[in-house]
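What follows is a set of notes on a single structure, which appears directly below.
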Amino acid sequence: MQVLPHHVREAETESRLVSQLRRYPRPLRKRVRKAAMAHAALADLAFTFPMALFAIASAARGREATARARALVLNGAPLRALAHELDLALWLRRLPPEALAKHVPMLPTDAGFTRQIVNYMPGEAKNIGRWLAIMDVSVHAHSRAFALWIAKHMRGVECPTSPDGVALLAAFAWHSDRPTSDAGRWISKPWRAALSLQGAASAASEWINVLQFACHKPAALVAACPPRDNTVGVYHFHRLEWGDDIVAEGQRMNNCLGTYVSDLLAGNQVWSIRCGSRTIADLEIEFQDGSFAMPRLVQLLGASNDPAPDAVWQAAYSWLACWTLCSAPVEVKDQPCVIDRDRWNRTWQPYWHAKGRGRVFPVDSSALDGTWLSNRSSLLWELTRLSRAG
């Protein structure tokens with residue numbers, strides 16, 4: 001057998017290494033190349049454990065752990081010891097460079113979890129990086145059981161570009177198990193393992209919408225003059241207060257009152273029409289800026305948005321006629337949606353205590369605008385529209 005000259009063998013090895021390093025996603029290459037060129041043993045990781053090489057190159061586990069990991073590699077320690085030091089599941093060594101992403105995941109390393117999770121890994125390397133980010137978020141924002149549930153329901157599905165929607169879904173699932181917590185008590189349809197991904201995302205979106213009442217400052221009332229007696233015949237008109245009052249009414253009547261934050265901030269009011277202990281219908285009124293605060297009927301609907309009976313309409317018009325004109329024009333303008341810092345911290349403190357400060361919901365609410373929570377719904381709805389891969 002012909003033995004190649006030493007300088008030829010070195011050139012071939014360097015060429016193989018260069019080709020292998022080019023397989024890493026472009027944003028990672030510079031750091032990975034610098035680490036690989038520092039020592040031949042580190043360069044070998046590009047072939048035997050690409051994820052570990054990137055973890056060392058990016059100091060993903062901190063400087064001290066990275067230094068110990070480098071020492072293990074240079075001393076010829078087995079890959080199992082290196083994986084343990086970097087807190088990497090050993091099965092990740094099989095991932096090709098193309099499967100890596102900017103974030104180094106920290107997944108459970110026990111055999112039970114590994115045995116199940118590998119069955120759900122995407123077949124195409126280009127999807128694995130996003131999938132790993134989603135698994136990582138699922139474990140730490142909820143639990144390994146939730147991560148396996150997500151993996152099962154996302155099998156064969158094109159992974160979303162961001163794991164933020166899954167993180168929000170995980171927080172929803174966590175609070176579903178704690179219905180007496182400040183955030184959990186607003187959940188009307190709790191997460192359970194039997195739900196579909198679409199069903200869970202829809203329930204979580206509903207939760208996020210009603211949480212706006214829990215976390216935002218209440219809307220100020222228009223300086224109007226309602227009737228002193230809010231009873232017309234057998235019907236009583238009750239104004240729904242910001243928060244629990246209006247959310248509970250929406251759940252009881254199976255309508256979308258839980259999403260009415262913007263309506264109330266625009267100066268509108270919602271009144272419940274009751275007959276004894278029964279709620280018959282909900283009525284929304286609005287006021288015009290510069291008017292004398294005579295309310296205008298926006299809508300009047302029964303349970304599940306069914307048409308209200310004629311007798312209720314008749315009572316509603318009689319009640320509206322009892323409002324008194326103000327002595328001067330009133331100002332009606334859209335109020336800004338403002339997060340209440342104390343309410344925000346009180347709502348998320350148990351979750352932060354369990355899962356880490358700032359997990360999913362930022363600690364500094366002053367940096368968030370009033371639409372931050374409502375915009376989260378789009379991340380959840382993205383999960384309901386995931387297309388099948390391939």
Side-chain angles (χ1 to χ4, degrees), residues 24-25 27-28 32 45-46 48-62 64-66 68-69 72-73 77-174 191 193 197 200 351 354-356 358-360 383 389:
Y24 281 82
L28 315 183
V32 170
L45 289 178
T48 59
F49 204 159
M51 178 75 79
L53 177 59
F54 175 55
I56 291 172
S58 61
R61 302 297 190 242
E64 292 184 3
T66 300
R68 291 193 297 269
L72 286 173
V73 174
L79 293 180
R80 184 175 297 277
L82 176 62
H84 178 75
E85 183 60 54
L86 292 173
D87 206 358
L88 290 174
L90 192 59
W91 62 271
L92 294 173
R93 73 186 188 279
R94 300 199 298 264
L95 298 186
E98 294 88 347
L100 307 188
K102 292 185 292 184
H103 177 69
V104 178
M106 189 178 290
L107 298 173
T109 58
D110 61 276
F113 181 84
T114 297
R115 213 167 25 244
Q116 296 179 74
I117 200 69
V118 294
N119 293 324
Y120 302 122
M121 189 166 59
E124 294 188 49
K126 65 178 183 179
N127 293 325
I128 295 177
R130 287 186 287 177
W131 180 83
L132 285 173
I134 288 171
M135 294 305 105
D136 192 28
V137 159
S138 300
V139 167
H140 295 99
H142 190 285
S143 63
R144 61 179 63 196
F146 180 83
L148 290 170
W149 178 85
I150 278 287
K152 176 182 177 181
H153 285 274
M154 295 194 69
R155 181 167 46 184
V157 168
E158 188 76 30
C159 292
T161 55
S162 168
D164 290 349
V166 171
L168 201 57
L169 190 56
F172 166 70
W174 189 89
W191 177 86
L197 179 60
Y351 186 63
K355 295 300 175 182
R359 174 76 65 182
V360 182
L383 297 180

Practice prompt. Decide side-chain contact (heavy atoms from CB on, under 4.5 Å) for W149 and L169; before the verdict, give the C-alpha distance in whole Å, the side-chain angles of both, and the deciding distance to 0.1 Å.
Written response: CA-CA 12 Å; W149 178 85; L169 190 56; 4.1 Å; yes
Practice prompt. Applying side-chain contact (heavy atoms from CB on, under 4.5 Å), name anything that partners I128, two or more places apart in sequence or on another chain.
Written response: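 Scan of I128 (side-chain contact (heavy atoms from CB on, under 4.5 Å), adjacent residues dropped) gives L95, A99, M121, P122, L132.
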Can you tell me how far [atom2] of [Y] sits from [atom1] of [X], rounded to the nearest 0.5 angstrom?
X: R359; Y: Y351; atom1: CZ; atom2: OH; value: 6.5 Å
X: L90; Y: L79; atom1: CG; atom2: CG; value: 7.0 Å
X: L148; Y: I117; atom1: CG; atom2: CD1; value: 5.0 Å

Looking at [X] and [Y], would you say the former's side chain and the latter's main chain have a donor-acceptor pair under 3.5 Å?
X: K355; Y: H142; value: yes
X: Y120; Y: I150; value: no
X: T114; Y: D110; value: yes

Fill in: W174, F172, F146 screened by ring pair (Phe, Tyr, Trp, His ring centres under 6.0 Å) with W191, the one that passes
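Testing W191 for a ring pair (Phe, Tyr, Trp, His ring centres under 6.0 Å) against W174, F172, F146 leaves exactly one candidate, F146.
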Worksheet item: Can you name the closest pair of heavy atoms from P97 and P25 and give their distance?
Response: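 Residues P97 and P25, closest heavy atoms: O-CD, 3.2 Å.
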Item to complete: Could you check L82 against L45 for side-chain contact (heavy atoms from CB on, under 4.5 Å), going step by step and ending with a plain yes or no?
Response: CA-CA 11 Å; L82 176 62; L45 289 178; 3.7 Å; yes
Worksheet entry | Verdict with supporting geometry, F49 and I56, side-chain contact (heavy atoms from CB on, under 4.5 Å) | CA-CA 11 Å; F49 204 159; I56 291 172; over 6 Å; no
Item to complete: Test side-chain contact (heavy atoms from CB on, under 4.5 Å) on L28 and L100 and set out the steps.
Response: CA-CA 9 Å; L28 315 183; L100 307 188; 4.0 Å; yes
